[in-house]
Trainee: 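Okay, here's the structure, questions in a sec.
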Protein chains: 2
Amino acid sequence: MNLNHLAIFHAVAETGSVSGAASRLFISQPAVSKQLREFEGVIGMPLFDRLPKGMRLTATGEVLLVFAQRIFATEAAAERRLAELRDARSGRLSIGASMTIGNYLLPKLLARYQQRYPGVDVQLEIANTEVIQQKLLANTLDLGFTEGFVEEEDLEEVVFALDQLVVIAAPGHRFAGRTDLRAEELCSEPCLLREQGSGTRAVVERTLSARDLHPISTMSLGSPEAIKQAVAAGAGISLVSRWTVATELRAGTLTVLPVTDLTVERPLHRLSLRHKHPSRAVERFLDMLLQDEGLNGAGLVPDLPKTI
Amino acid sequence: MNLNHLAIFHAVAETGSVSGAASRLFISQPAVSKQLREFEGVIGMPLFDRLPKGMRLTATGEVLLVFAQRIFATEAAAERRLAELRDARSGRLSIGASMTIGNYLLPKLLARYQQRYPGVDVQLEIANTEVIQQKLLANTLDLGFTEGFVEEEDLEEVVFALDQLVVIAAPGHRFAGRTDLRAEELCSEPCLLREQGSGTRAVVERTLSARDLHPISTMSLGSPEAIKQAVAAGAGISLVSRWTVATELRAGTLTVLPVTDLTVERPLHRLSLRHKHPSRAVERFLDMLLQDEGLNGAGLVPDLPKTI
DNA sequence: TAAAATACATATATTAAATGTATCCCATAA
DNA sequence: TTATGGGATACATTTAATATATGTATTTTA
């Protein structure tokens with residue numbers, strides 16, 4: 001059976017006449033007449049009785065009409081669904097992010113995204129780089145946001161922001177208020193770090209040892225939150241992403257120590273599966289990331305380089 | 001959306017490759033490639049990621065595939081249903097018949113029909129000619145079987161059998177056994193007839209009055225059964241269709257009086273709506289009617305003229 | 001490391017399908 | 001009778017689908 005023929009049959013059945021179907025389909029009456037007869041030939045049974053005043057379905061035609069209606073209703077539903085996907089009125093945005101990015105950088109942006117595209121099913125998963133890379137490769141994530149990454153043929157990687165690590169201390173700390181601090185001095189203070197394997201710890205250690213600086217490591221803690229709590233309690237200083245402490249700085253429970261001769265920066269990476277076409281829902285998210293309403297609009301990265 | 005394109009998309013999605021789809025559709029690989037790209041252009045979104053080893057559905061493609069599967073499954077179901085209708089493995093046979101035909105002529109035939117075509121929904125309605133004609137005109141009956149009929153432009157009418165009316169009496173009747181009975185003699189006997197308006201009564205009266213015979217009418221009864229019961233009880237004689245008394249003759253509760261100079265015959269008509277194509281189920285029934293397995297096979301009409 | 005194989009894309013020519021125009025037929029209504 | 005409305009047919013034309021030949025990228029094999 002040819003579904004083009006079926007469409008013509010459907011139109012004739014619903015309008016009750018060949019000429020009616022023709023005008024509905026924007027083709028000529030003979031075209032409909034011919035196609036319909038051809039279709040009846042294929043079916044092997046007449047679908048209409050030809051009456052002087054028009055066409056009347058046979059029993060066979062009645063049966064077929066029900067199927068035709070189902071088919072074209074489904075087609076219409078498919079078109080509607082595609083239209084939704086096209087304008088991101090539905091779809092899925094599945095993101096995997098490292099702890100820092102997922103907790104401090106994305107939530108505000110995702111909230112605005114969700115507000116603008118309420119039909120999209122947004123999923124944010126916080127996990128380490130390895131898990132995120134694996135899930136990207138398994139095609140169960142649309143985008144990954146990580147600090148480091150392991151080179152991988154099938155993954156596309158792009159620096160989308162620069163993370164600045166700042167030295168924090170309790171407001172009552174002896175260094176607080178100092179504007180002439182030098183990196184060496186920090187080594188006299190107990191320095192709290194993240195656990196082995198953390199991206200944050202890796203970049204800190206790499207930067208400092210490149211300058212032959214060796215901080216006194218006392219504790220290693222498993223999350224940015226734990227670090228902040230300990231530092232606020234006066235346990236020492238730490239190097240953390242400035243995004244993780246925005247709230248505490250405003251609240252005054254922590255302070256940043258400006259170090260004159262030290263800047264620790266690291267690129268943040270956006271990862272995606274090579275050759276994978278993004279859905280419209282994903283494209284809209286990437287748009288927001290790149291536009292003013294992206295990270296800048298979130299008020300967190302005033303002078304972010306606008307790399308993709 | 002073009003459902004031809006959708007079929008190609010469907011094949012690519014299910015085989016996972018353009019070339020696979022091509023061989024499944026018995027067309028060349030470039031044909032599939034081109035149609036698919038065209039389809040993606042119409043949709044406005046890519047449906048597949050092109051990987052070196054084949055094609056992978058995008059999120060949009062996954063959504064569309066579900067609809068495509070529904071559509072083509074419905075199409076397949078329609079094809080199956082049509083095939084059933086084609087071999088009368090399903091369908092409807094809706095017959096309206098007058099009392100005599102419906103009660104004595106059709107049941108045996110319909111039983112064999114139902115046995116041979118168990119999927120067909122057989123409906124037999126017994127009603128008078130007027131009702132049957134109206135239902136045929138309303139297209140709610142496939143066939144009508146009546147004695148008389150009222151000429152009607154939209155109804156096609158055909159004599160399908162000749163009904164012989166025979167004179168019956170109780171076996172103990174004084175005429176029983178006589179082989180030289182003449183029509184005049186019958187007028188001395190009380191004759192039971194059907195009610196006014198009955199086709200049977202009409203033909204009897206017409207035939208007899210044409211010969212200037214006037215039977216003594218005592219009772220008029222509303223059904224062949226009532227007539228037979230009364231005659232068997234010795235209430236008189238009657239003229240009835242020979243089909244209605246086959247059982248009683250065999251049982252010996254009634255006997256036929258052979259009248260040397262009287263034959264009362266009437267044509268039986270098959271009616272159908274003009275321009276109406278019969279379904280296969282109806283065609284198969286008409287076949288049985290015409291073949292040896294028809295009324296003859298039913299053992300009721302040994303020498304029936306084989307008119308349609 | 002080069003050759004072969006696999007898989008999809010592109011270009012051009014060809015074929016098949018669908019459509020349009022003109023005309024005819026039939027039944028009905030004015 | 002002539003219009004009129006609805007469908008069928010014939011033939012020409014346009015559009016769409018397809019094939020052949022070839023190209024590119026990648027993977028596998030020798």
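Labels below follow one simple rule: chain letters A, B, ... track the order of the sequence lines, proteins then strands, and each chain is numbered from 1.
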Trainee: Salt bridge (charged side-chain N to carboxylate O under 4.0 Å, His left out) with B:E75: which residues, sequence neighbours excluded?
Mentor: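 With neighbours one apart ignored, the set is empty.
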Trainee: Using the ring of each side chain (for Trp, its six-membered ring), is A:F160 parallel, tilted or perpendicular to A:F145, with breaks at 30° and 60°?
Mentor: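 A:F160 vs A:F145 ring planes: perpendicular.
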Trainee: Any donor-acceptor pair under 3.5 Å linking the side chain of B:D163 with the backbone of B:R266?
Mentor: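 Here the side-chain-to-backbone pair does not exist.
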Trainee: Once salt bridge (charged side-chain N to carboxylate O under 4.0 Å, His left out) is applied, do any residues pair with B:E283, and if so which ones, sequence neighbours excluded?
Mentor: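 In terms of salt bridge (charged side-chain N to carboxylate O under 4.0 Å, His left out), with neighbours along the sequence ignored, B:E283 is linked to B:R280.
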Trainee: How about B:F9 and B:L6: do any of their side-chain heavy atoms sit closer than 4.5 Å?
Mentor: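 A side-chain contact under 4.5 Å exists here.
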Trainee: Does the side chain of A:V120 reach to within under 4.5 Å of the side chain of A:Y113, using non-hydrogen atoms?
Mentor: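 Yes, their side chains come closer than 4.5 Å.
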Trainee: Not counting sequence neighbours, which residues clear salt bridge (charged side-chain N to carboxylate O under 4.0 Å, His left out) with A:E79? List them please.
Mentor: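 Per chain and number, A:E79 pairs via salt bridge (charged side-chain N to carboxylate O under 4.0 Å, His left out) with no residue.
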Trainee: Between the side chains of A:K276 and A:E156, is the shortest nitrogen-to-carboxylate-oxygen separation below 4.0 Å, so that they form an ion pair?
Mentor: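 Here A:E156 does not pair with A:K276 in a salt bridge, since their nearest N and O are not under 4.0 Å apart.
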Trainee: From the 5' end of DNA chain D to its 3' end, which nucleotides mark the outer limits of contact with chain B, defined by a 4.0 Å heavy-atom distance cut-off (strictly under)?
Mentor: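 With heavy atoms of chain B under 4.0 Å away, the range is D:dA17 to D:dT26.
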Trainee: Enumerate the residues from residues 36-54 of chain A whose closest heavy atom to DNA chain C is under 4.0 Å, giving them by residue number; use none for an empty result.
Mentor: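 Contacting residues: A:E38, A:P52.
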Trainee: Which ones in residues 24-34 of chain B lie close to DNA chain C, meaning a heavy atom under 4.0 Å from one of its atoms?
Mentor: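 Within this stretch, B:Q29, B:P30, B:S33 sit under 4.0 Å of the strand.
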Trainee: Taking only residues two or more places apart in sequence or in another chain, which ones pass salt bridge (charged side-chain N to carboxylate O under 4.0 Å, His left out) with B:R206?
Mentor: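 B:R206 satisfies salt bridge (charged side-chain N to carboxylate O under 4.0 Å, His left out) with no residue once adjacent residues are dropped.
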Trainee: Any heavy-atom pair between the side chains of A:Y117 and A:R284 that's under 4.5 Å?
Mentor: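 In short, these two side chains touch, coming nearer than 4.5 Å.
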Trainee: Side-chain donor-acceptor contacts of residues 146-155 of chain B below 3.5 Å, not counting sequence neighbours, with atom names and distances?
Mentor:
residue, atom, partner, partner atom, Å
B:T146, OG1, B:G148, O, 2.7
B:E147, OE2, B:S98, OG, 3.0

Trainee: Taking only heavy atoms on the protein side, list every residue of residues 11-21 of chain A lying under 4.0 Å from any atom of DNA chain D, sorted numerically.
Mentor: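 Those residues are A:S17, A:V18, A:S19.
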Trainee: With a strict under 4.0 Å distance from non-hydrogen atoms of chain A, what nucleotide opens and what nucleotide closes the contacted stretch of DNA chain C, reading 5' to 3'?
Mentor: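 From 5' to 3', the first and last contacting nucleotides are C:dA18 to C:dA27.
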Trainee: Mind jotting down which residue pairs meet the ring pair (Phe, Tyr, Trp, His ring centres under 6.0 Å) criterion with at least one end in residues 58-78 of chain A? Sequence neighbours excluded, please.
Mentor: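 For residues 58-78 of chain A, and leaving out neighbouring residues, the ring pair (Phe, Tyr, Trp, His ring centres under 6.0 Å) pairs sorted by first residue read A:H10-A:F72.
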Trainee: Run the side-chain hydrogen bond (donor to acceptor under 3.5 Å, both in side chains) test against A:S90 and tell me which residues pass, sequence neighbours left out.
Mentor: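 So A:S90 forms a side-chain hydrogen bond (donor to acceptor under 3.5 Å, both in side chains) with A:R81, A:E84.
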Trainee: Establish, from distance only, whether the side-chain atoms of B:H277 and A:D49 form a donor-acceptor pair under 3.5 Å.
Mentor: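 On atom types as modelled, these side chains qualify, holding a pair under 3.5 Å.
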Trainee: So, the side chain of A:E40 versus the backbone of A:L47: is there a donor-acceptor pair under 3.5 Å, distance only?
Mentor: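 Present.
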